[in-house]
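Heads up: numbering here begins at 1 and tracks the sequence. Nothing here was measured: the structure is a model prediction, and the numbers come from that model.
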Amino acid sequence: MATAPELLGSVPEVIRPMRDGDVPDVVAIERSSYQFPWSEGIFRDCLRVGYTCRVATLGRQVAGYGVMSVGAGEAHILNLCVATAFRCRGVGRRMLALLIERAAAGGMKEAFLEVRPSNTAAIRLYLAHGFEQVGTRRGYYQAVGGREDAAVLRLALRPSRADSST
Ligand SMILES: CC(C)(COP(=O)(O)OP(=O)(O)OC[C@H]1O[C@@H](n2cnc3c(N)ncnc32)[C@H](O)[C@@H]1OP(=O)(O)O)[C@@H](O)C(=O)NCCC(=O)NCCS
């Protein structure tokens with residue numbers, strides 16, 4: 001996915017529900033961001049089963065996305081990613097805040113996520129939002145030449161009266 005030169009330096013303002021038509025752009029960002037990316041089919045399945053899937057956009061350009069499942073009082077943040085060209089402009093922070101707000105507004109009591117211990121940028125982001133490490137999943141992630149552990153992070157959610165339909 002190419003980024004139009006005139007968009008570089010701009011800050012994505014809109015976060016909206018992900019649509020089927022966004023998936024190719026999302027997959028392009030995913031592939032350029034992770035060594036072991038989700039497939040297109042995984043994103044389509046997340047949409048089909050009704051997970052909370054959001055994109056941050058600038059004009060028609062997808063700059064980042066978040067995917068979360070909710071149920072039984074728990075939210076699970078399954079993916080959070082910002083295109084390289086749009087990083088360090090607060091997009092990840094806003095996407096995470098929106099997912100947390102949605103989870104709280106939907107009555108969830110806590111949010112969980114997994115992160116590679118080597119992913120210092122993401123860990124800083126999560127800790128800044130109040131997540132705390134509550135465990136480790138041994139060999140959770142694929143890694144070059146083997147497996148990598150996952151740190152399991154948890155955030156207690158405060159009840160929210162925000163509109164849960166956004
Ligand atoms: C993690 C990620 C989503 C952050 O998105 P972003 O839009 O660049 O982050 P923001 O600009 O909103 O930064 C928010 C906070 O994250 C942390 N952070 C972001 N980038 C960082 C970096 N390169 N180094 C250290 N901390 C960083 C900081 O705490 C930052 O707050 P600060 O600006 O007050 O220091 C982005 O780096 C990314 O998409 N990485 C690849 C995919 C990934 O690893 N996702 C997480 C999977 S668990």
Side-chain angles (χ1 to χ4, degrees), residues 1-3 7-13 15 18 22-47 49 51-58 61-71 74-104 108-158:
M1 182 200 57
T3 302
L7 296 182
L8 292 173
S10 306
V11 179
E13 298 287 351
I15 297 181
M18 188 188 295
D22 297 318
V23 171
D25 286 346
V26 165
V27 169
I29 296 171
E30 175 83 8
R31 287 189 180 143
S32 65
S33 296
Y34 295 109
Q35 216 166 0
F36 301 96
W38 280 11
S39 67
E40 178 174 338
I42 293 178
F43 285 104
R44 294 204 185 278
D45 283 347
C46 289
L47 284 170
V49 299
Y51 285 175
T52 302
C53 304
R54 294 290 180 272
V55 288
T57 59
L58 183 62
Q61 177 118 32
V62 175
Y65 51 89
V67 177
M68 176 175 74
S69 68
V70 291
E74 294 180 3
H76 291 259
I77 296 172
L78 304 173
N79 203 333
L80 177 73
C81 189
V82 176
T84 317
F86 291 102
R87 287 190 192 156
C88 299
R89 296 185 212 172
V91 179
R93 182 188 299 121
R94 277 190 290 131
M95 181 65 76
L96 181 62
L98 181 139
L99 294 177
I100 291 169
E101 183 57 43
R102 284 266 320 168
M108 301 305 118
K109 303 280 183 267
E110 48 191 353
F112 291 91
L113 58 82
E114 280 89 22
V115 60
R116 290 179 193 261
S118 58
N119 192 345
T120 50
I123 289 172
R124 276 191 62 178
L125 170 63
Y126 299 139
L127 295 184
H129 275 79
F131 278 87
E132 292 175 338
Q133 183 166 354
V134 291
T136 301
R137 289 196 208 286
R138 298 275 170 225
Y140 182 80
Y141 289 114
Q142 273 185 278
V144 176
R147 311 285 302 180
E148 183 178 355
D149 294 345
V152 182
L153 273 57
R154 172 188 176 271
L155 175 71
L157 300 174
R158 270 170 280 174

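For A143, the side-chain contact (heavy atoms from CB on, under 4.5 Å) partners are R116, E148, not counting sequence neighbours. Applying the salt bridge (Lys or Arg N to Asp or Glu O under 4.0 Å) rule to R158 yields no partners; only residues at least two apart in sequence or on another chain are considered. Under the side chain to side chain donor-acceptor pair (under 3.5 Å) criterion, Q142 pairs with no residue at all, not counting sequence neighbours. Under the ring pair (Phe, Tyr, Trp, His ring centres under 6.0 Å) criterion, Y51 pairs with no residue at all, not counting sequence neighbours. For S32, there are no side-chain contact (heavy atoms from CB on, under 4.5 Å) partners at least two apart in sequence or on another chain. Annotation: side chain to side chain donor-acceptor pair (under 3.5 Å) contacts of R154 (sequence neighbours excluded): E110. The ring pair (Phe, Tyr, Trp, His ring centres under 6.0 Å) check on F43 picks up W38, Y65, with sequence neighbours excluded. Applying the side-chain contact (heavy atoms from CB on, under 4.5 Å) criterion to I123, with sequence neighbours excluded, gives V115, L127. When the side-chain contact (heavy atoms from CB on, under 4.5 Å) test is applied to T84, the partners found at least two apart in sequence or on another chain are R87.
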| task | Please report the C-alpha distance between I42 and V67 in whole Å, then the side-chain angles of each, then the deciding distance to 0.1 Å, and finally whether the side chain to side chain contact (heavy atoms under 4.5 Å, CB included) criterion is met. | result | CA-CA 11 Å; I42 293 178; V67 177; over 6 Å; no

| task | Could you check K109 against L157 for side chain to side chain contact (heavy atoms under 4.5 Å, CB included), going step by step and ending with a plain yes or no? | result | CA-CA 5 Å; K109 303 280 183 267; L157 300 174; 5.8 Å; no

| request: Decide side chain to side chain contact (heavy atoms under 4.5 Å, CB included) for R102 and M108; before the verdict, give the C-alpha distance in whole Å, the side-chain angles of both, and the deciding distance to 0.1 Å. | output: CA-CA 9 Å; R102 284 266 320 168; M108 301 305 118; over 6 Å; no

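Evaluation of the ring pair (Phe, Tyr, Trp, His ring centres under 6.0 Å) test over residues 130-158, restricted to residues two or more places apart or in two chains, returns Y126-F131. Applying the salt bridge (charged side-chain N to carboxylate O under 4.0 Å, His left out) test to pairs two or more places apart or on separate chains, those with a residue in residues 27-42 are E40-R44. Applying the salt bridge (charged side-chain N to carboxylate O under 4.0 Å, His left out) definition to pairs two or more places apart or across chains, those involving residues 120-137 are E114-R137.
Atom CG of residue L155 and atom NE2 of residue H129 lie 9.0 Å apart, to the nearest 0.5 angstrom. Between the OG1 atom in T57 and the CG atom in D22 there is a gap of 8.0 Å [rounded to 0.5 Å]. One finds the CG atom of L98 at 9.0 Å from the OG1 atom of T52 (value rounded to the nearest 0.5 Å).
Closest approach of V26 and M18 over heavy atoms only: CG2-CE, 4.0 Å. Minimum interatomic distance between I77 and L113 (heavy atoms only, all atoms of both residues): O-CB, 3.6 Å. The two residues S33 and C81 come nearest to each other via the heavy atoms OG-SG, 3.3 Å. When all heavy atoms are compared, the tightest approach of D149 to G139 is OD1-N, 2.8 Å.
No donor-acceptor pair closer than 3.5 Å links the side chain of N79 to the backbone N or O of G66.
Between V55 and D25 there is no side-chain heavy-atom pair separated by less than 4.5 Å. Between V82 and M95 there is no side-chain heavy-atom pair separated by less than 4.5 Å.
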